[in-house]
Number of protein chains: 2
Amino acid sequence: MESVVKTDRRILRTKQSITKSFLELFSEKDFEHITINEIADRANVNRGTVYLHYSDKYDLLDKCIEEHINELISLCKKREHDTVSHGMVQEPKPVFDYFRDHFPFFSAMFSNQRAFLFRDQLLKFITVNLMVKMERSDNTPIIDNEIKAQFMASAFIGIVEWWIRHHMPQSTQFMADQVRNLFENNQVYPR
Amino acid sequence: MESVVKTDRRILRTKQSITKSFLELFSEKDFEHITINEIADRANVNRGTVYLHYSDKYDLLDKCIEEHINELISLCKKREHDTVSHGMVQEPKPVFDYFRDHFPFFSAMFSNQRAFLFRDQLLKFITVNLMVKMERSDNTPIIDNEIKAQFMASAFIGIVEWWIRHHMPQSTQFMADQVRNLFENNQVYPR
DNA sequence: CAACGGCCGTTAAATATTCAACACGCGTTC
DNA sequence: GAACGCGTGTTGAATATTTAACGGCCGTTG
């Protein structure tokens with residue numbers, strides 16, 4: 001179907017080390033005080049190379065967020081197509097697993113003032129997922145779907161934030177079970 | 001004096017990841033079963049790139065050993081020129097610090113059959129250091145200097161090996177003190 | 001025997017990255 | 001104000017690495 005031109009190993013490698021370096025710094029100090037020099041040094045990469053992939057540090061932050069949101073989307077998309085499971089609503093564990101596997105990133109995002117975009121994007125992602133699920137169920141709702149989705153999504157993110165900022169005191173399975181029950185109680189999908 | 005052409009960052013980076021990858025594998029499995037493919041994959045580097053720096057895995061092993069021996073040598077050389085301290089005999093702590101700081105490497109070396117060259121090189125390094133020190137002292141020895149050096153060097157390496165293979169149960173300072181006392185008792189240098 | 005898969009060591013051309021140098025802005029110091 | 005250090009963003013030429021291919025060797029499998 002689409003041309004599968006796999007990207008050059010060097011590109012993957014440098015992008016990886018740049019984002020790793022950046023996220024480390026992001027969790028260490030204020031975003032405004034991070035310099036491209038620092039990022040490049042820690043990534044063991046020439047300063048110019050950073051500009052080859054990102055226009056500035058704001059762009060870098062955006063790309064980092066985008067990347068993870070896209071990962072989450074494709075994670076749910078993949079599972080939508082499965083005949084067995086159905087997205088993050090009925091089986092939220094994989095999503096929690098993803099949060100766990102990328103703890104450094106999400107931890108940095110939740111503990112930093114700078115992450116407006118991150119919250120927005122994540123909220124949109126969750127809301128869309130919930131909307132899709134609710135629209136599929138036939139029950140005519142008393143509460144407007146969009147409002148309910150916003151309500152639930154905010155709640156969900158609140159839980160995730162709490163879980164991450166407390167260094168994940170519970171297992172992903174436990175969290176998934178809890179959230180699924182909450183979704184059920186609020187009739188996000190008909191039991 | 002000599003032209004200080006600093007080597008390209010890319011070279012340093014790839015050499016670093018290749019040796020890191022190699023030493024990991026070296027501590028995990030038998031040397032003969034390690035393939036260049038594995039090394040390259042784990043280093044996140046093209047297979048051909050390995051050949052750009054090393055002719056084969058034997059060469060790679062040799063270079064790794066050589067590199068650390070040279071580090072040790074320059075470490076001692078630097079301290080020789082100091083007016084205060086005098087090489088590894090009177091103050092062995094920096095040497096132990098070096099062993100500690102590169103524990104993965106030395107651990108791999110001591111726990112693997114393959115490290116003939118390593119033992120030889122290390123033994124030579126220690127012996128030379130001892131010889132130099134002993135020749136400087138005026139006392140006419142009953143025991144031949146070279147024999148004594150061999151004796152002491154083997155003993156020293158034995159201690160280091162024990163220390164490394166037992167995961168460094170004592171501090172470097174403690175080990176240094178012990179060794180200095182042993183050297184003193186055996187009159188490597190006049191007290 | 002033949003076919004195959006895996007690893008080796010090497011090559012030419014394409015490409016990503018480095019290096020060294022710009023010009024610029026901004027705050028500090030003398 | 002001038003000189004300076006420091007970070008930004010950009011450039012062109014040099015260079016390291018990748019990619020995709022080659023032929024060869026060896027052990028396994030049919």
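In what follows, chains are A, B, ... by sequence order, proteins preceding strands, each numbered from 1. Since the structure is predicted, the reported quantities are computational estimates derived from the model, not experimental observations.
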Which residues share a side chain to side chain contact (heavy atoms under 4.5 Å, CB included) with A/Phe103, sequence neighbours left out: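 If we apply the side chain to side chain contact (heavy atoms under 4.5 Å, CB included) test to A/Phe103, skipping adjacent residues, the hits are A/Ser107, A/Ile164, A/His167, A/Met168.
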Sequence neighbours excluded, the answer for side chain to side chain contact (heavy atoms under 4.5 Å, CB included) partners of A/Asp41 is B/Arg9
With sequence neighbours excluded, residues passing ring pair (Phe, Tyr, Trp, His ring centres under 6.0 Å) with B/Tyr58: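 For B/Tyr58 the ring pair (Phe, Tyr, Trp, His ring centres under 6.0 Å) partners, ignoring immediate neighbours, are B/Phe31.
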For A/Tyr54, what residues pass the ring pair (Phe, Tyr, Trp, His ring centres under 6.0 Å) criterion, not counting sequence neighbours? none
By side-chain hydrogen bond (donor to acceptor under 3.5 Å, both in side chains), which residues pair with A/Thr172, not counting sequence neighbours? A/Asp97
Partner residues of B/Tyr98 under the side-chain hydrogen bond (donor to acceptor under 3.5 Å, both in side chains) criterion, sequence neighbours left out: B/His68
By nearest heavy atom, map A/Lys57 and B/Val50 onto DNA chain D; which one lands nearer the 5' end? A/Lys57
Would you list the pairs meeting salt bridge (charged side-chain N to carboxylate O under 4.0 Å, His left out) in which at least one residue belongs to residues 10-27 of chain A, sequence neighbours left out? A/Asp8-A/Arg10, A/Lys20-A/Glu24, A/Glu24-A/Arg42
Name all pairs fulfilling the salt bridge (charged side-chain N to carboxylate O under 4.0 Å, His left out) condition that reach into residues 155-165 of chain A, sequence neighbours left out, sorted by first residue then second. A/Arg119-A/Glu161, A/Glu161-A/Arg165
I'd like to know whether A/Phe26 forms a ring pair (Phe, Tyr, Trp, His ring centres under 6.0 Å) with A/Phe105, so could you lay out the CA-CA distance, the side-chain angles of the two residues, the decisive distance to 0.1 Å, and finally the verdict. CA-CA 9 Å; A/Phe26 190 76; A/Phe105 171 75; 8.3 Å; no
Measure [atom1]/[X] against [atom2]/[N] and give the value in whole Å, please.
X       : N      : atom1 : atom2 : result
A/Leu52 : C/dT15 : CG    : C1'   : 11 Å
B/Asn46 : C/dT11 : CG    : P     : 15 Å
A/His53 : D/dT10 : NE2   : P     : 14 Å
A/Lys6  : D/dT17 : NZ    : P     : 20 Å

Under a 4.0 Å heavy-atom cut-off, which of residues 17-42 of chain A touch DNA chain D?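 Heavy-atom contacts with DNA chain D come from A/Thr35, A/Ile36, A/Asn37.
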In residues 7-16 of chain B, which residues come under 4.0 Å of DNA chain D by heavy atom?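 The answer is B/Asp8, B/Arg10, B/Ile11, B/Thr14.
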Counting only side-chain nitrogens and oxygens, does B/Tyr51 get under 4.0 Å of the OP1 or OP2 atom of C/dT10?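 For C/dT10, OP1/OP2 do not have a side-chain N/O of B/Tyr51 under 4.0 Å.
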Nearest 0.5 Å, please: how far is CD in B/Gln150 from OG1 in B/Thr127? 4.5 Å
For a quick check, with a 4.0 angstrom heavy-atom cut-off, what is the B/S/- contact string for nucleotides 22-27 of chain C, read 5' to 3'? ------
Among residues at least two apart in sequence or on other chains, which ones pass salt bridge (Lys or Arg N to Asp or Glu O under 4.0 Å) with B/Asp59? B/Lys63
